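Okay, structure first, notes after.
Throughout, a chain's letter reflects where its sequence line sits, starting with A, and its residues are numbered from 1. These figures come from a predicted structure and were not determined experimentally.
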Amino acid sequence: MPEGHTIHAAARKHDNMLKGRVVNLSSPQGRFVEGAQKLNGRECIRVEAYGKHLVYRFVEHYYLHIHLGLFGRIKVHKRPIKDAKNSVRVRLISATHVIDISGPTICELLRAPEIEQLIDRIGPDPLREDAEPERVFHRIRNSRVPIGKLLMDQSVIAGIGNIYRTELLWRQKLHPDIRGRDLNQKQLEALWDDAALLLNIGAKKNAILTTDIAIANPSKSREKFNIFAQKACPKCRGPITKIFINGRRAFICALCQKQLPKR
DNA sequence: AAGAATGTTATGTA
DNA sequence: CTACATAACATTCT
């Protein structure tokens, strides 16, 4: 989708999607119709991301809030317009392109105050120019919660997912069980900087790339990980251990990620 | 074809 | 209050 395009949105209701506040997004027939109701004809003037939350701002202070969750996808097609798949909830249309958003866990129309609430409850996002890393450091420094949990707490730092968590901790040689308060300023800064580096590469390449090789030569690689779901550590050749943090799988190299002697 | 997966939130339990 | 576990929801792929 070229930047600066004026896009229009249409949406349809599906099961519990668009619940509560935004029910009227659906067309009367429950079918996908370009330009049905509410969002119809409103120009999208800006798209912002706050961590994993997407906010499309339309004229007259309407905001479309999208969270793709685990399964959501955004697919960009060139015109002409074709039928949307059943899973498509929102379609954004410009003069040249059609964007289908399917399977989002959040899909709602909000006004400015609700968007502000949303932003307030989300921690600093390393991808954003206006991010204040000191807020992240403060939260971590004052917490007994292990860093492996804090990293995926979106109110602490926004945007880190399950793969980036494992990969960041490995790259920084940090064991996920280290308590937040046991990290020093230098480690915190390095963690933030590396998160910003990796996320920027990911955003640019539209792929999760965390190995130095993939970063240096991302042309032919899509997803490339050091230890996530891998057998051996690329650095020490030691075995990778699978653990669970908050019910999500995580991986560690017992040799490279030493537990700190501190309690 | 059952199960797993790059996510989040609400609710239950100790 | 905390901390943890479980369920619910979304979809696609093997």
Side-chain angles (χ1 to χ4, degrees), chain A residues 11-23 25-26 32 49-55 64-75 84-91 99-108 110 114 117-123 125-127 139 142-171 176-177 179-181 194-195 198-211 214 218 221-230 240 242-251:
Chain A
R12 63 184 170 194
K13 186 184 171 188
H14 179 268
D15 300 336
N16 293 324
M17 199 51 61
L18 301 175
K19 59 191 157 199
R21 291 166 282 203
V22 206
V23 175
L25 278 172
S26 60
F32 191 95
Y50 301 90
K52 300 166 190 166
H53 297 260
L54 303 176
V55 177
L64 176 64
H65 173 211
I66 300 284
H67 193 297
L68 293 178
L70 204 49
F71 312 126
R73 292 273 130 65
I74 296 178
K75 288 194 176 135
K85 295 180 64 177
N86 280 334
S87 59
V88 172
R89 300 288 171 266
V90 176
R91 172 169 270 186
I99 302 172
D100 283 339
I101 299 174
S102 61
T105 51
I106 297 173
C107 180
E108 58 187 4
L110 300 179
E114 296 168 298
Q117 281 178 30
L118 168 73
I119 294 168
D120 281 349
R121 73 179 170 81
I122 294 174
D125 174 351
L127 280 175
R139 281 289 297 274
N142 290 297
S143 177
R144 284 159 294 189
V145 174
I147 188 63
K149 290 185 179 175
L150 291 170
L151 261 189
M152 271 190 54
D153 182 338
Q154 303 297 304
S155 73
V156 173
I157 179 171
I160 308 298
N162 200 32
I163 295 176
Y164 282 119
R165 164 171 70 183
T166 279
E167 294 289 301
L168 277 169
L169 290 171
W170 179 83
R171 285 168 61 94
D177 289 343
R179 298 181 305 182
R181 59 156 59 156
D194 206 26
L198 294 185
L199 290 176
N200 270 298
I201 289 163
K204 197 165 166 182
K205 302 293 177 190
N206 194 26
I208 303 175
L209 302 172
T210 60
T211 66
S221 52
R222 296 306 291 170
E223 291 158 359
K224 287 283 177 182
F225 319 135
N226 295 292
I227 66 165
F228 190 90
Q230 307 299 306
I240 296 304
K242 181 182 180 181
I243 61 173
F244 283 88
I245 308 174
N246 283 351
R248 309 293 305 279
R249 58 186 183 148
F251 300 86

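At least one donor-acceptor pair closer than 3.5 Å links the side chain of A:Arg171 to the backbone N or O of A:Thr210. No donor-acceptor pair under 3.5 Å is formed between the side chain of A:Arg89 and the backbone N or O of A:Ile101.
A:Lys85 has its NZ atom 16 Å from the P atom of C:dA10, to the nearest Å. In this entry the distance linking CE of A:Met152 with C1' of B:dT6 reads 9 Å, nearest Å. Regarding A:Asn162, its CG atom lies at a distance of 5 Å from the P atom of B:dT6, rounded to whole Å. Regarding A:Arg248, its CZ atom lies at a distance of 14 Å from the P atom of B:dA4, rounded to whole Å. One interatomic measurement links the two molecules: CG of A:Leu54 to P of B:dT8, which rounds to 12 Å at whole-angstrom precision. Taking atom CZ of residue A:Phe244 and atom P of nucleotide C:dA5, one finds them 12 Å apart after rounding to whole Å. Straight-line distance from the CG atom of A:Leu68 to the C1' atom of B:dG7: 10 Å, rounded to whole Å. Separating the CD1 atom of A:Ile66 from the P atom of B:dT8 is a distance of 15 Å, rounded to the nearest angstrom.
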Evaluate the side chain to side chain contact (heavy atoms under 4.5 Å, CB included) criterion for residues A:Ile106 and A:His65: first the C-alpha distance (whole Å), next the side-chain angles of each, then the deciding distance (0.1 Å), finally the verdict.
CA-CA 7 Å; A:Ile106 297 173; A:His65 173 211; 3.5 Å; yes
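At a threshold of 4.0 angstrom between heavy atoms, the contacts of A:Phe228 are confined to the sugar-phosphate backbone, with no base atom among them. Residue A:Gly72 is classed as having no contact, given no heavy-atom separation below 4.0 Å to the nucleic acid. Across all strands, A:Arg249 comes closer than 4.0 Å only to sugar-phosphate atoms, never to a base (heavy-atom distances).
Closest heavy-atom contact between A:Ala229 and A:Arg249: CB-NH1, 4.1 Å. Across A:Gly159 and A:Lys52, no two heavy atoms sit closer than the pair O-CE, 3.7 Å. Residues A:Leu199 and A:Tyr164 approach most closely at CD2-CE1, 3.7 Å, considering heavy atoms.
Ring geometry for A:His53 versus A:His67: interplanar angle over 60°, hence perpendicular rather than tilted (30 to 60°).
The side chain of A:Phe71 sits closest to C:dT11 out of C:dT11, C:dT12, B:dG7. Comparing B:dT8, B:dT6, C:dA10 by their nearest atom to the side chain of A:His67 picks out B:dT8. With C:dA10, B:dT6, C:dT12 as the candidates, the nucleotide lying closest to the side chain of A:Ser102 is C:dT12.
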Quick test: give all pairs of protein nitrogen or oxygen and nucleotides 1-4 of chain C nitrogen or oxygen below 3.5 Å, distance rounded to 0.1 Å.
from: C:dC4; atom 1: OP2; to: A:Lys149; atom 2: NZ; distance (Å): 2.9

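A distance of about 14 Å separates the P atoms of B:dA4 and C:dA7, rounded to the whole Å.
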Dot-bracket line, read 5' to 3' along DNA chain B, where crossing pairs take [ ] and | marks a partner on another strand, Watson-Crick or G-U under 3.5 Å:
.||||.||||||||
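Counting only heavy atoms from C-beta outward, the side chains of A:Met152 and A:Asn246 never approach each other to under 4.5 Å. When side chains are defined from C-beta on, A:Asp153 counts as touching A:Ser155, because their heavy atoms get closer than 4.5 Å.
Contact annotation: A:Arg121 reaches the phosphate of B:dT9 (side-chain N/O to OP1 or OP2, under 4.0 Å). Residue A:Arg73 places none of its side-chain N or O atoms closer than 4.0 Å to OP1 or OP2 of C:dT11. The phosphate of C:dT12 has OP1 or OP2 within less than 4.0 Å of a side-chain N or O from A:Ser87. When the side-chain nitrogen and oxygen atoms of A:Arg89 are compared with OP1 and OP2 of C:dA10, none of them lie within a distance under 4.0 Å. In this model, the phosphate group of B:dT8 is approached by a side-chain N or O of A:Gln154 to a distance below 4.0 Å at OP1 or OP2.
Here the CZ atom belonging to A:Phe71 is positioned 9.5 Å from the OG1 atom belonging to A:Thr105, to the nearest 0.5 angstrom.
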